[in-house]
Structure formats: structure tokens, C-alpha cells
Amino acid sequence: KIDHLNYFGDEMLKDGNGPEPDFWRAPTDNDFGNGLDQRCRVWRKAGQERQLIDQKVLNISDGEAEVRFTFSLPGLKGETIGTYESVYLVYADGSISLKNSFSPSVEKLPEIPRMGMQLQLGREFENLEWYGRGPLENYWDRKSGSLVGLYSGKVKDQYFPYVRPQENGNKSDVRWASLTNNKGAGILIIGDQLLNITAHHNLMEDFESPVRTIGHIYNGKEVINRHTCDVKERNLTALNIDYLMMGVGGDNSWGARTHPEYTIPAKNYEYSFRIVPVQKTDDLPKIAREKIQEK
């Protein structure tokens, strides 16, 4: 029988946490300029502060189990603004198929900066490889100059040191991506649709300036994350596996919003991906192709 309580593996997650819903990004200069940091703030901790309202475990066979979680998402005043369901199909070989769905509970919610999940691993998972757009960061509305191909690099090199810390390092139109340690062990992420992938030795909060100011003090308090020197690497590897990341805009930085076709309206969404444990001898492109063909 599958051990439902240990399906992520103790060694893989000994210094991290399993996937959790993520709806926020560290505001960019353009976001600050058009007020997204305040307008969309209801999404900032909606994933972190989710409340479990139902869970079910079903043994399908000796080699497959289904684990289903349903969460309510809180608003700024504790009201429920949506529900989020994650269904894990766990297989005997250690692989997981993860299906997610989101439904808003109230009308007139602002656009969602990000629709995805974050997974934290140990710092040793330093090697990133992906089949998607690259090699540099690219976004929904800033990707035509980034060609689809097979790319690889160190996680520490995915960080782009904007003078004001902000969202950075995203890779769009990703078919699959892997994170491995120097022994070649790690995980392979395979999208059932195109994904956005971001990997850092930091959490989102490390890139988030709470206000847009050039001063050290704002409203009597010292402002954090003002400059590149404020960003310190952590002893972890954070991987964002996103269905969507809204565009970064840029018509101007003092009011223009991201074009509507590159935003994420608050409506129903469904997306899924697979997590496959891998080792040094594995042919990652071959495994990805085979898993995709199984759909």
C-alpha cells in the first residue's frame, strides 16, 4: 500500500514544504505605478492562509491512491473569496499527478497576479533544466524574443538583480522542468498544459518592497528590500509551478496597467501537472515524452 503521509519523500523535503497555492508576486515597478500592490492585495496571503474544509483519501489499487484536499481562501477581512481543490493521484513509483481547480466565491474581485503553486526543496537542488522559453527571464507579454528550447543553469543564476527587488526569473511556455542535486537526484515537473516556472534560493517576500519609495523611512518605519544588497539567499530552493503569471506591462511605469489579454480575471480555472522522481541515469526528455503520451 502507498504511504499517503510520505508521498513527497523525507529526503526530498527535509528542508522544505509541499506544494501550496500561490496567487501573488513581488510587485514590479509597473505594478506599483498602476496600484496593483493595493488593488490586488486580497490575493497576497490567500494561499498561505487557506483553510482546509475537506480531505479524502481513496485507495484505488495497491499501486495508486487519490488524496483530495479542498480549501477555502480568506479575504482581507476573513471572508471567503474562493475555493481551491487539489487532487493528488499518487503512484507506487513515487510519481504524482496533481490536478488543481479554483473557483471565486464573490463577485468583483480584482485580477489575480499569479495562478499556481509553490514547492520548497532543500538548498542542494541547485540544477535547473527546462524545455520552454529561455534562457533569460520572460513573461506572458514579454516572450517573443525568447525562443522555445532546452535550457539549463544553476538556480542561483536565475535571479535578476533589479535595483529595486521585485518579481524576476520567470520562464514561460514550459513543457517540462527538472530540479536536481549534484548526484542527479531530484524531481521532474511535466505540465499537462504549458506552465510557467520560477526557481530561486529565495522566497517571494525577499523580493517584495512593501511601498514604492526612494527613502529609507516611510510613515515612520524603515523600508525593507529597497536595493539589491537587501536580497540574501536562503538555505532552500523555492520552485513556483504556475499555470499563469500575469504580464508585466510597461507602456509606462506611472499608471498604465497590463493589457487585459495578459491578465488573470477572477473566474474558474483548472490546471494539472506531474511530479516524477528522477536520478542521474534517467533520460529526462524521454520520460517527459512518455508521460505526456500517457494523457
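At a threshold of 4.5 Å between non-hydrogen side-chain atoms, the residues E66 and I60 count as touching. Residues M115 and N100 have side chains not in contact (no heavy-atom distance under 4.5 Å, counting atoms from C-beta outward). Within the 4.5 Å cutoff, the side chain of E85 has heavy atoms near those of the V87 side chain. In this structure the side chain of V248 reaches within 4.5 angstrom of the side chain of D141, judged on heavy atoms. Side-chain contact between I197 and W130: absent, with no pair of heavy atoms (C-beta onward) separated by less than 4.5 Å. Put simply, the side chain of L121 does not reach to within 4.5 Å of the side chain of L236, judged on heavy atoms. Using a 4.5 Å cut-off on side-chain heavy atoms (C-beta onward), I241 and L195 make contact. Here the side chains of Y131 and S178 are not in contact, with every heavy-atom distance at 4.5 Å or above.
Using a 4.0 Å cut-off between charged nitrogen and carboxylate oxygen, E20 and R50 count as a salt-bridge pair. K156 and E126 are not joined by a salt bridge, as no carboxylate oxygen comes within less than 4.0 angstrom of a charged side-chain nitrogen. The pair E111-R39 counts as a salt bridge, with a side-chain nitrogen and a carboxylate oxygen less than 4.0 angstrom apart. For the pair K99 and D192, the salt-bridge criterion is not met [side-chain N within less than 4.0 Å of a carboxylate O]. By the 4.0 Å N-to-carboxylate-O rule, E124 lies too far from K183 to be salt-bridged with it.
N34 places no side-chain N or O within 3.5 Å of a backbone atom of F32 that could act as its donor or acceptor partner. For N252 (side chain) and A256 (main-chain N/O), a donor-acceptor pair under 3.5 Å exists by modelled atom type. No donor-acceptor distance shorter than 3.5 angstrom exists from the side chain of D157 to the backbone of V155, with no hydrogens or angles considered. A donor-acceptor contact shorter than 3.5 Å is absent between the side chain of K291 and the backbone of R289. Side-chain N or O atoms of Q193 include one that pairs as donor or acceptor with a backbone N or O of S272 at under 3.5 Å. In terms of modelled atom types and a separation under 3.5 Å, the side chain of N59 and the main chain of S61 share no donor-acceptor contact. Side-chain atoms of Y262 never come within 3.5 Å of backbone atoms of M246 as a donor-acceptor pair (strictly under, hydrogens ignored). Under the 3.5 Å distance criterion, the side-chain polar atoms of D54 are left unmatched by any main-chain donor or acceptor of T70. For the pair R123 (side chain) and R234 (backbone), a donor-acceptor distance under 3.5 Å is present. Distance alone, capped at 3.5 Å, places no donor-acceptor pair between the E205 side chain and the L203 backbone.
By the rule that hydrophobic residues join a cluster once side-chain heavy atoms approach within less than 4.5 Å of another member, L52 and I81 end up as members of one cluster. A single hydrophobic cluster is seen to contain both F102 and V106, as judged by linkage of ILVMFWY side chains at heavy-atom distances under 4.5 Å, directly or through other members. Linking Ile, Leu, Val, Met, Phe, Trp and Tyr whenever their side-chain heavy atoms come within less than 4.5 Å leaves L136 and L147 in two separate clusters. The hydrophobic cluster containing M245 does not contain Y243, counting ILVMFWY residues as joined when their side-chain heavy atoms lie under 4.5 angstrom apart, directly or transitively. Linking Ile, Leu, Val, Met, Phe, Trp and Tyr whenever their side-chain heavy atoms come within less than 4.5 Å leaves V174 and L194 in two separate clusters.
Looking only at atom types and distance, the side chain of S103 has a donor-acceptor partner in the side chain of N268 under 3.5 Å away. At a cut-off of 3.5 Å, with distance as the only test, no side-chain donor of S172 or N196 sits close to an acceptor on the other residue. Donor-acceptor pairing under 3.5 Å is lacking for the side chains of N127 and N181. Using a 3.5 Å distance cut-off with no hydrogens or angles, the side chains of W24 and E208 do pair a donor with an acceptor.
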Start with the C-alpha distance between Y159 and F207, add both sets of side-chain angles, then the distance that settles ring-ring contact (aromatic ring centres under 6.0 Å, His included), and finish with yes or no. CA-CA 10 Å; Y159 165 54; F207 304 127; 5.5 Å; yes
Side chain to side chain contact (heavy atoms under 4.5 Å, CB included) between T263 and I112, intermediate numbers included: CA-CA 7 Å; T263 61; I112 307 171; over 6 Å; no
Might you work through the side chain to side chain contact (heavy atoms under 4.5 Å, CB included) test for V57 and V67, ending with a clear yes or no? CA-CA 5 Å; V57 177; V67 186; 4.2 Å; yes
Could you give me the CA-CA distance, side-chain angles and deciding distance for K232 and D206, then say whether salt bridge (charged side-chain N to carboxylate O under 4.0 Å, His left out) is met? CA-CA 8 Å; K232 310 295 184 183; D206 299 332; over 6 Å; no
Go through N235 and H201 one step at a time and tell me if the side chain to side chain donor-acceptor pair (under 3.5 Å) criterion holds. CA-CA 7 Å; N235 188 32; H201 292 314; over 6 Å; no
Audit row: F71, I53, side chain to side chain contact (heavy atoms under 4.5 Å, CB included) steps and yes/no: CA-CA 5 Å; F71 303 98; I53 57 177; 5.7 Å; no
Between N240 and D22, is the side chain to side chain donor-acceptor pair (under 3.5 Å) condition met? List the steps. CA-CA 8 Å; N240 264 93; D22 196 359; 3.0 Å; yes
Stepwise side chain to side chain contact (heavy atoms under 4.5 Å, CB included) test for T258 and W140: CA-CA 10 Å; T258 299; W140 196 357; over 6 Å; no
Walk me through it: do N30 and T28 pass the test side chain to side chain donor-acceptor pair (under 3.5 Å)? CA-CA 5 Å; N30 295 337; T28 67; 4.8 Å; no
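When every heavy atom of W43 is checked against every heavy atom of P113, the shortest pair comes out as CD1-CD, 3.9 Å. E49 and P74 get closest at one heavy-atom pair: O-CG, 3.4 Å.
The structure places CD of Q166 at 8.0 Å from OG of S209, a figure rounded to the nearest 0.5 Å. In this structure, L284 CG and I190 CD1 are separated by 9.0 Å, a value rounded to the nearest 0.5 Å. Rounding to the nearest 0.5 Å places CD1 of I275 at 8.5 Å from CE of M117. To the nearest 0.5 angstrom, L119 atom CG is 10.0 Å from T237 atom OG1. Taking NZ of K45 as the reference point, atom CG of L73 lies at 15.0 Å (rounded to 0.5 Å). In this structure, the separation between CG on L128 and NZ on K154 is 10.5 Å, given to the nearest 0.5 Å.
Just one of T198, N170, N168 meets the side chain to side chain contact (heavy atoms under 4.5 Å, CB included) condition when paired with E137; it is N168.
Under a cutoff of 6.0 Å and an axis angle of 45°, R114 and F23 do not form a cation-pi pair.
Sparse packing is recorded around CD of E270, with 12 or fewer heavy atoms of other residues, nucleotides or ligands lying under 6.0 Å away.
Note on ring orientation: taking the six-membered ring where Trp is involved, the planes of F160 and Y162 are tilted (angle from 30° to 60°).
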